[in-house]
Novice: 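I'd like to ask you about the structure that follows.
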Protein chains: 2
Amino acid sequence: MNEENVKVQMRKGILEYCILAILSREDSYAPKIIAELKAAQMIVVEGTLYPILTRQKNAGLLTYRWEESPQGPPRKYYMLTEAGRQQLAMLDEAWEELVEQIKVIRGK
Amino acid sequence: MNEENVKVQMRKGILEYCILAILSREDSYAPKIIAELKAAQMIVVEGTLYPILTRQKNAGLLTYRWEESPQGPPRKYYMLTEAGRQQLAMLDEAWEELVEQIKVIRGK
DNA sequence: GATTGAAATATTGCATAACAAGGCTTACTG
DNA sequence: CAGTAAGCCTTGTTATGCAATATTTCAATC
């Protein structure tokens with residue numbers, strides 16, 4: 001297991017949390033979401049993001065609307081549903097728990 | 001995606017970190033490692049732990065020795081190698097980075 | 001008007017990880 | 001010597017992230 005793979009594995013499942021968090025601040029579309037994740041030093045590619053967005057939409061956590069773009073094809077703006085907001089709150093708790101668990105195990 | 005699945009996914013790759021951290025304090029064997037994780041509210045089953053220990057041993061991060069048990073068959077005590085200690089230090093950094101990234105994204 | 005290029009959407013195939021379920025071996029105890 | 005507990009391990013399933021690629025839309029240029 002090399003270093004990059006470790007980081008990939010550590011992030012698994014956490015991306016779902018990050019995407020809901022980003023959408024909770026402002027409706028957004030795929031390339032912008034990727035840019036925001038990148039700004040937080042969290043590199044994500046399209047092949048990763050699109051399936052997550054589709055899963056979350058199918059789970060009723062997100063909906064979307066089409067919006068014209070100044071250049072190029074229209075953008076698919078995603079936004080949280082009420083269920084999405086509840087899921088985000090749950091993931092907030094799960095994340096806090098995980099951080100606490102690691103603190104206990106690491107002895108810090 | 002239900003709540004349990006979310007937690008499973010969030011933990012991916014992090015278990016590897018936890019196991020190295022536990023072994024850095026004291027050599028240990030599988031059932032005891034599981035008990036320590038459970039004490040930190042991190043439930044792990046044998047079918048998860050054994051493959052990780054084998055992977056880490058094959059990667060040169062761990063070695064083991066056999067030790068008699070007061071009752072039952074002998075125990076396989078795992079211990080960190082120098083490479084394992086280095087990996088642990090690297091995972092410490094990766095974890096800190098991840099926590100920082102989430103803080104940025106979550107806006108807390 | 002045809003072509004090129006960029007922006008945006010989306011899918012497919014692969015590698016890996018966690019878990020459920022079950023099996024195997026060793027030692028102690030009645 | 002039969003039963004039980006402790007300990008070790010493997011197989012099959014499912015889900016995830018990613019590389020690679022395809023498709024669509026629009027604008028600008030030739």
Side-chain angles (χ1 to χ4, degrees), chain A residues 1-20 27-38 42-59 62 64-78 91 94 98 101, chain B residues 1-20 27-38 42-59 62 64-78 91 94 98 101:
Chain A
M1 200 181 209
N2 61 27
E3 177 161 7
E4 284 316 306
N5 197 359
V6 169
K7 291 185 180 179
V8 166
Q9 291 304 323
M10 270 198 175
R11 276 185 345 204
K12 281 207 175 188
I14 294 174
L15 277 177
E16 174 143 1
Y17 174 39
C18 293
I19 291 165
L20 293 181
D27 299 351
S28 191
Y29 63 104
K32 193 176 177 192
I33 293 171
I34 290 175
E36 290 195 50
L37 289 169
K38 193 174 182 179
M42 219 171 182
I43 308 303
V44 174
V45 295
E46 297 171 343
T48 299
L49 181 61
Y50 281 103
I52 296 177
L53 288 173
T54 301
R55 278 204 308 274
Q56 292 182 328
K57 183 203 60 173
N58 291 341
L62 307 179
Y64 66 86
R65 65 173 187 275
W66 288 99
E67 240 182 61
E68 292 303 314
S69 164
Q71 278 188 350
R75 296 168 177 171
K76 203 171 183 178
Y77 273 79
Y78 284 92
L91 291 179
L98 186 58
Q101 288 163 354
Chain B
M1 200 180 206
N2 61 27
E3 176 160 7
E4 284 316 306
N5 198 359
V6 168
K7 292 187 179 178
V8 167
Q9 292 304 323
M10 269 198 174
R11 275 185 346 202
K12 281 209 176 190
I14 293 174
L15 276 177
E16 174 144 1
Y17 174 39
C18 292
I19 290 165
L20 293 181
D27 299 351
S28 191
Y29 63 104
K32 193 176 176 190
I33 294 172
I34 290 175
E36 290 194 51
L37 290 168
K38 193 174 182 180
M42 220 171 180
I43 308 303
V44 174
V45 295
E46 297 175 343
T48 299
L49 181 60
Y50 281 104
I52 296 177
L53 288 173
T54 301
R55 277 204 309 274
Q56 293 183 326
K57 182 203 59 171
N58 291 340
L62 306 180
Y64 65 86
R65 65 172 187 277
W66 288 101
E67 238 180 65
E68 292 302 314
S69 164
Q71 280 187 350
R75 295 166 177 170
K76 203 172 182 177
Y77 274 78
Y78 283 92
L91 291 178
L98 185 58
Q101 288 164 352

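Chain naming here is simple, since letters A, B, ... match the order of the sequence lines and numbering starts at 1 in each.
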Novice: Side chain of B:Lys12 only, heavy atoms from C-beta on: which candidate in C:dT9, D:dT10, C:dA17 is closest?
Specialist: C:dA17
Novice: Just the rounded figure in Å: distance from C1' of C:dT9 to NZ of A:Lys57.
Specialist: 12 Å
Novice: As a test of reading the structure: which of D:dT10, C:dT26, C:dA17 is closest to the side chain of B:Pro74, going by heavy atoms?
Specialist: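 Of the options given, the side chain of B:Pro74 lies nearest C:dT26.
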Novice: Expressed as a whole number of angstroms, how long is the span from B:Arg55:CZ to D:dC9:P?
Specialist: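 Whole-Å distance recorded here is 14 Å.
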Novice: Give me the one residue out of A:Tyr78, A:Trp66, A:Tyr77 that meets side-chain contact (heavy atoms from CB on, under 4.5 Å) with A:Tyr29.
Specialist: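 The side-chain contact (heavy atoms from CB on, under 4.5 Å) with A:Tyr29 is passed solely by A:Tyr77 among A:Tyr78, A:Trp66, A:Tyr77.
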Novice: B:Pro51 and B:Glu46: which non-hydrogen atoms are nearest, and at how many Å?
Specialist: CD-O, 4.0 Å
Novice: Looking for any heavy atom pair under 4.0 Å, which part of the strands does A:Lys76 touch: base, sugar-phosphate only, or nothing?
Specialist: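 Sugar-phosphate: the residue A:Lys76, judged by heavy atoms under 4.0 Å, touches backbone atoms but no base.
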Novice: Below 4.0 angstrom from OP1 or OP2 of D:dT25, is there any side-chain N or O of A:Arg75?
Specialist: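 False: A:Arg75 side-chain N/O out of range (4.0 Å or more) of D:dT25 OP1/OP2.
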Novice: Please report the distance, rounded to the nearest Å, between CD in A:Glu16 and P in D:dT16.
Specialist: 7 Å
Novice: Rounding to an integer number of Å, can you tell me how far A:Leu37 CG sits from D:dC18 P?
Specialist: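 From A:Leu37 CG to D:dC18 P: 10 Å.
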Novice: Taking all heavy atoms of B:Leu49 and all of B:Ala30, pick out the closest pair and write down the distance.
Specialist: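 Closest approach of B:Leu49 to B:Ala30, heavy atoms only: CD2-O, 3.5 Å.
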Novice: Where each residue is assigned the nucleotide of DNA chain D containing its nearest heavy atom, which of A:Glu68 and B:Ser69 is assigned the position nearer the 5′ end?
Specialist: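 With A:Glu68 and B:Ser69 compared, the 5'-side residue is B:Ser69.
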Novice: Starting from P on C:dT9, measure out to CH2 on A:Trp66 and report it in whole angstrom.
Specialist: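 From A:Trp66 CH2 to C:dT9 P: 6 Å.
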Novice: Establish whether the base of D:dC18 is bridged to the side chain of A:Glu46 by a donor-acceptor pair shorter than 3.5 Å.
Specialist: no
Novice: Among the nucleotides D:dA6, C:dT11, C:dT16, which one has an atom lying closest to any side-chain atom of B:Pro73?
Specialist: D:dA6
Novice: When the distance from CD of B:Glu67 to C1' of D:dG7 is rounded to whole Å, what number comes out?
Specialist: 14 Å
Novice: Verify, without hydrogens or angle tests, whether A:Gln56 (side chain) and A:Glu16 (backbone) share a donor-acceptor contact under 3.5 angstrom.
Specialist: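 Yes, A:Gln56 side chain to A:Glu16 backbone: donor-acceptor pair under 3.5 Å.
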Novice: With a 4.0 Å cut-off, would you call A:Glu36 and A:Lys38 a salt bridge?
Specialist: no
Novice: Please check the phosphate of C:dT9 (OP1 and OP2 only) for any side-chain N or O of A:Tyr29 closer than 4.0 Å.
Specialist: no
Novice: Please give, in whole Å, the distance from C:dT11 C1' to A:Leu49 CG?
Specialist: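 Going from CG in A:Leu49 over to C1' in C:dT11 covers 14 Å.
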Novice: Where the side chain of B:Val45 is concerned, which of C:dA18, D:dC18, C:dA20 is the nearest nucleotide?
Specialist: C:dA20
Novice: Rounding to a whole Å, what distance do you find between A:Gln9:CD and C:dT16:C1'?
Specialist: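 Answer to the nearest Å: 6 Å.
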Novice: Could you please name the option among D:dG7, D:dA27, C:dA18 that lies closest to any side-chain atom of B:Val8?
Specialist: C:dA18
Novice: In terms of the nearest nucleotide of DNA chain D, which residue is placed more toward the 5' end: B:Gly72 or A:Leu15?
Specialist: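 By nearest-heavy-atom nucleotide position, the 5'-most residue is B:Gly72.
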